[in-house]
2 protein chains.
Amino acid sequence: MIRTIADIAKIAGVAKSTVSRYLNGGSVGEATKKKIEKAIQDTGYTPNPFAQSLKAKKTNIIGTIVPRLDSYASSQTLIGIDEQLKEWNYQMLISNTSQDLDREIESIYSLAKQKMAGIILLATVITDRHLKAISEIHIPVLLIGQEHEEIHSVIHDDYHAGLAIGKYVLEKGHRKIAFLGVTEQDIAVGVKRKTGFQKALEARDDIDVSYFETEFNIPAAQAAAMKLLDSREHSIIVCATDNIAIGVLKAAYKQGLSIPRDVSVTGFGGYDVTEAIHPGITTAKFHYKEAGKKAAINMVELIQERPVEKLTTMNFEIIKRESVDTV
Amino acid sequence: MIRTIADIAKIAGVAKSTVSRYLNGGSVGEATKKKIEKAIQDTGYTPNPFAQSLKAKKTNIIGTIVPRLDSYASSQTLIGIDEQLKEWNYQMLISNTSQDLDREIESIYSLAKQKMAGIILLATVITDRHLKAISEIHIPVLLIGQEHEEIHSVIHDDYHAGLAIGKYVLEKGHRKIAFLGVTEQDIAVGVKRKTGFQKALEARDDIDVSYFETEFNIPAAQAAAMKLLDSREHSIIVCATDNIAIGVLKAAYKQGLSIPRDVSVTGFGGYDVTEAIHPGITTAKFHYKEAGKKAAINMVELIQERPVEKLTTMNFEIIKRESVDTV
DNA sequence: CTGAAAGCGCTTACAG
DNA sequence: CTGAAAGCGCTTACAG
């Protein structure tokens, strides 16, 4: 038994427009208000969102584009966005692209067509096609995880996290270091973590550091680590993500090496699993959930056309665990 | 520059209703079709989904209610649903309840109000309030993870997984066994895994088995395991989930116990992490992504009012890893 | 095959 | 403070 605003108006004995005004917080007399309230109570009426959106030409839904659902960073970020949005009576719609850049572009257009109030993009790379799409849709877009001068962004402090990890590694006495990174196409993970790390070492001339590249997934990292560990040249392997660190742990185990006795390992991310396993992994922990919240807050401000800082840089912390030994 | 169906009609020189018919696959003459196609091409027109939904009174969106976003089972299941739905031009909308049962009920109503074509519920418990809500909304609802005689369900074979784990544990020679389970309110995890396990042991009178209960999260499991391990009475701890097994691993490590030398451990679930860590955890692996796909398939059949089996039971497999020793 | 008209359930000036 | 009317962009009988 679905009720419309006309039903409520009839039951309450007022005009539809008065009910609408009541619903939208306009000025309504006390007596009328009471009658409408009662009618709504009695019927369990709720407005049809399609009719509302059709007329108002916008929704209170924020579209979120995520490259994957099965990553700690993604899910924490989504949770943060969702929690904040709920509080402000916005809804989140998730569009999963399965790490397919074409789908990412498509999603931008299709969310816009669906009249999202705004789009939050959990970004990995920003191409010209992204910029073109974003400029064409005329709704607010916000990036998380990567920055771009033209787009509002919430990022993690990858550079300083890299710097801090570098300092910590030196402090623990390591001199023969391997850095296991990822593609430089990913500015945040591939470039900034590395350059921060390099910065920490740059004043020193007693350091022997080599840079390697692998992929984000554990098996690839494990394969890369197998070779690295073979040489036994390094006292520590600094990994660009926690998943890569886990790959290294697996490789070490396969080779009968003990961590941190035979070789130390660090990660970036602060995934739950780095604490759950043994040895616990020393890592730079990012605050994904908070980043999500901040992105949601900024997005709502953007929608309401209030000023918002172009770039928000979130904090990080170094979590020291068993995976790093003193040399 | 947003176009409406009226614009297209004018440009093509036909009536709005003809354009609408073209759009919805009705019969339109060749010449008219050409003109309309051109007009749509030229303008980049796409129909306003709100107007469509308002009139047609339904969407092609499937609402999915999930208790949490940050679990392996949830994300894999969602990915499966999403992939399948995309293929059939349906969309998935995720509603996260943060394990709040009230929100779960609310979500059922609110998704229905938003005219979802159907609702897939990643269920943990089914209360009377659930049943009431489901019966009131008059759209198809499908359960994943729990079954109910009144509702279409896709479940994992928790009972036989429990049975298989039980048999394997006996096969490995264990006689002093602890089963670390969860609340029996959760039929699938709390009851069925346990009863399957019990079934495996029932014919034997040389087994000494004790049952304990803990929560789903790692810290709680770890605390429960601390006590259990203190006694050193059991040669194996059979855990109702992989996360609980991880809690046991942590507790064992804290007590300086080695797994599987001092005590063996098994889990249920087959989360990626059980393979990523050392020792790898022996577990009953469920196929979450496939369950999601199957649920999506069944849901679409339900929407199209085609016959669908009430209950689908997915497969599982026992993955043997280092965490179990032969006694 | 095609078009005119009514209507989906709201919101929003406008008038009173 | 309140109401009548128009309109948002579609779809759907109905007629031709």
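By convention in this document, chain letters (A, B, ...) are assigned in the order of the sequence lines, proteins followed by strands, and residues within each chain are numbered from 1.
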Next on the checklist: Let's test this: given Watson-Crick or G-U wobble pairing with both distances under 3.5 Å, identify the partner of C:dA13.
Outcome noted: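 When the pairing criteria are applied, nothing turns out to pair with C:dA13, so the answer is none.
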Next on the checklist: Under a 3.5 Å cut-off for both contacts, is D:dA4 paired Watson-Crick or G-U wobble with anything, and if yes, with which nucleotide?
Outcome noted: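 Partner of D:dA4: none found under 3.5 Å.
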Are OP1 or OP2 of [N] and a side-chain N or O of [X] less than 4.0 angstrom apart?
X       : N      : value
B:Thr4  : D:dG9  : no
B:Ser20 : D:dC10 : no
A:Tyr45 : C:dC10 : yes
A:Gln52 : C:dG9  : no
B:Ser17 : C:dG3  : no

Checklist entry - Would you say the side chains of A:Thr312 and A:Glu309 form a donor-acceptor pair under 3.5 Å? => result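 Yes.
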Distance, rounded to the nearest Å, where [X] contributes [atom1] and [N] contributes [atom2]:
X       : N      : atom1 : atom2 : value
B:Lys34 : C:dC1  : NZ    : C1'   : 16 Å
A:Lys10 : D:dA4  : NZ    : P     : 13 Å
A:Leu54 : D:dC8  : CG    : C1'   : 4 Å
A:Ile5  : D:dA6  : CD1   : C1'   : 15 Å
A:Tyr22 : C:dT11 : OH    : P     : 13 Å
A:Asn48 : C:dG9  : CG    : C1'   : 6 Å
A:Leu23 : D:dC1  : CG    : P     : 17 Å
A:Arg21 : C:dA13 : CZ    : P     : 12 Å

Checklist entry - Considering only side-chain heavy atoms of A:Pro47, which listed nucleotide, C:dT2, D:dG3, C:dC10, is closest? => result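 The answer is C:dC10.
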Checklist entry - Among D:dT2, D:dT11, D:dC8, which nucleotide sits nearest the side chain of B:Lys16? => result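 Among the listed nucleotides, the one closest to the side chain of B:Lys16 is D:dT11.
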Checklist entry - Under 3.5 Å, is there an N or O donor on one side and an acceptor on the other linking the side chain of B:Arg3 and the base of D:dG9? => result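 Answer is no: no donor-acceptor pair is held.
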Side chain proximity check, [X] to [Y], heavy atoms < 4.5 angstrom:
X        : Y        : value
B:Tyr90  : B:Val300 : yes
A:Val154 : A:Leu142 : yes
B:Ile137 : B:Ile119 : yes

Checklist entry - Given A:Tyr288 and A:Leu78, is the side chain to side chain contact (heavy atoms under 4.5 Å, CB included) satisfied, shown in steps? => result CA-CA 9 Å; A:Tyr288 296 108; A:Leu78 288 175; over 6 Å; no
Next on the checklist: Heavy-atom nearest nucleotide on DNA chain C for A:Ala51 versus B:Ala31: which residue maps closer to 5'?
Outcome noted: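 The residue closer to the strand's 5' end, by nearest nucleotide, is B:Ala31.
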